[in-house]
Amino acid sequence: MSKSVLEPSIPSRPVYGELAPRSGKAHLFIADAEGAEAILDMAKTAPDGFFARAHIIYIPKATGERYLERLESLDPGQLYFGPSYEAALPRLRRTLADAHMGLQVYLAGTEGLMGRAMQEATEAGIPHTAIQSEHRGSTARRVQCVHCKGITEEVTTDPFQCSHCGLHLFVRDHYSRRLAAFMGVCIDAEDPGDIPEPVERFT
Amino acid sequence: MAIAFKEETFRDDFTFSNSPEAIRRFPFPFHEDSYMYSVNLEQHVPVRPENTTRSLPDTVFDKTFDVDEHYVAEMKDRELVLAEDPLRCQSLPHMTLAGWDLLELIMTAKAAEYPDLFELHRDGDHWHWINRPLGIEQKFVFMDETTLPYGPMEYITRQTQGDFALLDQRDDNLWMDAGMVTTQADWSLDFDIGMNFFEWHAPVPKAHEMGIFVRALKFLLNIRQGSPARRLNWTLTVNPLLDTSPENYHKWGVQRATLTPENLGQKLHLRVELQTFFRLPRSNALVFPIRCYMISFQDLVTEPKWGRRMHRVIRDLPDELADYKGITRNRELILDWLSHYDDGAPTSPGAWADER
């Protein structure tokens, strides 16, 4: 089971729920890796014909082909497998630009993917009441370096090294929806060079 | 009363200091010998404390926006910070109206309360602003952004001490949608912009569980035009560094490791934020100025009551709060230094210094 338990509440972090089928003219799914399981679980309670009006944008990442057949068997109106979120982005933006009133958005998978897709959806004017999310799989974090402002994806250890400026950062439990990222802060600012061994905290 | 504006720095050689008058009017934040969070909000009106016999010719609470001897130097420091990092001043597009509200509030208050320093002449929408200490004279059309060198919020807050957050009010919450933040106690406008009241306070320990933010928000949502409120907050800063931003923490953090028993009195500063809250008329936004006052420990203990009390507050501070305020690594050193100024005598009620 890939349902992940997140650490206790951080007031600035979104609360993720469980996807449930809603009535709507169209349904847009954006998921990565184990997020496919959230879609498959939800499908069990979906009414007949639900997926005919669905568009699934799925990025398998390390799960490879594990979920592809099962997603195909849902027989969605549109199904896209992408090699990365960046590659899927033009398609996502086009889909959101074409969206009509009544579109329901379903996000599933890692926090980084959901946060970024949430940004796109809200910027496109989709009301937050029409967006659901369910966290599945890796708890890796997307982290912005507060010093250089560069964002490092898929951070699993604390501390970690900023992929832009190279500073060693600890991950502060503070999340910005606007940036879809946690804050990373220099860990050896007071004692330069005193960098603790990285611990796998977000796996 | 004429103010002698000081030439001083808040970085590099740190020549900042307080005159005896500035020490006397320092907003010492502890009204008793211990500290815990509370919703310590009160009306922002001039204060004449009843619980002191001491005459206070002026206090930092007397004016809508206090101008003191550090004004010109603080504005220079702000200019340096903004040149290095323009993201310290941001305004989401829907906040321009609130920016004009703020500009009007500050200009009218300063011109009325400090007529020898500031003048505002209004002929309909044609305004003429004179800022003598900074040598600025500006004619502009109110509500026409093209007639000012910056947006209205940035323009006026480059001329006003303290950080400023402009909070939009909607959905029974407050949203940090604009701000000028260059003298902050370790929080990032660039990270927090767009967040609601609970979100931007996420890193503060304990207070959420205590229900502090729920009660504070309720109070703030109900602030009405013409009835501003205020509270004090505090932390400790090594060196009189105004820009203790997370952005630059990798540069200034190392200063925390430079305290010794010999230099502590001169290097360690009590940093007090006078936070005020005003409802703005057109936008219905709240403006939240956060004004920073600093005093070195050697100046602080010249008031015996403050020395005694500071010792007791630091001694009894819960560990989580000490951590959050960045005090933990120097706590023993600070306590040892302060203990020489605490003879165990009782202190009088209230925050004001005693008559000597």
Side-chain angles (χ1 to χ4, degrees), chain A residues 6-15 111 115 118-119 121-123 125 127-129 141-152 159-162 164-196, chain B residues 84-88 90 92-93 170-171 173 175-177 181 184 186-209 211-214 217 238 241 244-259 323-324 326-330:
Chain A
L6 296 177
E7 288 169 40
S9 83
I10 298 166
S12 51
R13 180 190 222 171
V15 177
E111 197 163 27
M118 178 77 84
Q119 285 176 317
T122 47
E123 269 168 37
H128 65 92
T129 49
R141 290 183 175 184
R142 185 174 140 87
V143 184
Q144 189 202 40
C145 173
V146 74
H147 312 293
C148 80
K149 308 290 182 187
I151 287 177
T152 304
F160 74 100
Q161 193 168 11
C162 175
H164 301 265
C165 69
L167 284 176
H168 293 268
L169 310 176
F170 71 93
V171 183
R172 189 176 268 182
D173 279 340
H174 193 22
Y175 182 89
S176 161
R177 292 171 201 257
R178 186 181 71 90
L179 303 166
F182 285 86
M183 183 191 282
V185 181
C186 182
I187 195 160
D188 62 335
E190 299 185 21
D191 304 282
D194 184 4
I195 300 155
Chain B
E84 194 183 286
D85 181 3
L87 296 176
R88 303 298 188 85
Q90 295 190 50
L92 297 182
R170 56 180 194 273
D171 301 336
N173 212 324
W175 303 81
M176 171 100 56
D177 286 346
V181 178
Q184 68 275 54
D186 206 9
W187 67 280
S188 165
L189 173 74
D190 182 51
F191 195 82
D192 288 357
I193 194 167
M195 288 189 191
N196 71 33
F197 191 74
F198 300 112
E199 291 171 344
W200 85 68
H201 283 115
V204 183
K206 276 192 157 178
H208 291 272
E209 293 86 332
I212 294 287
F213 294 127
V214 174
L217 177 62
V238 177
L241 181 66
T244 48
S245 58
E247 277 84 354
N248 282 334
Y249 173 59
H250 61 306
K251 297 177 191 161
W252 60 262
V254 71
Q255 294 178 26
R256 280 193 180 152
T258 61
L259 275 192
D323 252 352
Y324 176 64
I327 296 170
T328 304
R329 80 171 292 143
N330 290 314

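Keep in mind that this is a model prediction, so the values were computed, not measured. Residue numbering restarts at 1 for every chain, and letters A, B, ... go by the order of the sequence lines.
Every side chain to side chain donor-acceptor pair (under 3.5 Å) that A/K149 has, sequence neighbours left out, goes to B/D190, B/E247. Scored by the ring-ring contact (aromatic ring centres under 6.0 Å, His included) test, B/W252 finds B/Y249 as partners (sequence neighbours excluded).
Evaluated for a side-chain contact (heavy atoms from CB on, under 4.5 Å) with A/H174, the options B/S188, B/P203, B/P246 yield exactly one hit, B/P203.
The heavy-atom pair separating A/H147 from B/N248 by the smallest distance is ND1-N, 4.5 Å.
Of the two parts of B/I193, the backbone and the side chain both hold a non-hydrogen atom closer than 4.5 Å to a non-hydrogen atom of chain A. For a residue to count as touching a neighbouring chain, one of its non-hydrogen atoms must lie under 4.5 Å from one of that chain's; by this rule A/V185 touches chain B with the side chain only.
Annotation: the span from A/S176 atom OG to B/E199 atom CD amounts to 8.5 Å, rounded to 0.5 Å. Between B/H250 atom NE2 and A/C162 atom SG the span is 10.0 Å, to the nearest 0.5 Å. Taken from CD in A/E190 to CG in B/N330, the straight-line distance is 8.0 Å, to the nearest 0.5 Å.
Residue A/H164 qualifies as enclosed at atom NE2: its count of foreign heavy atoms under 6.0 Å is above 12.
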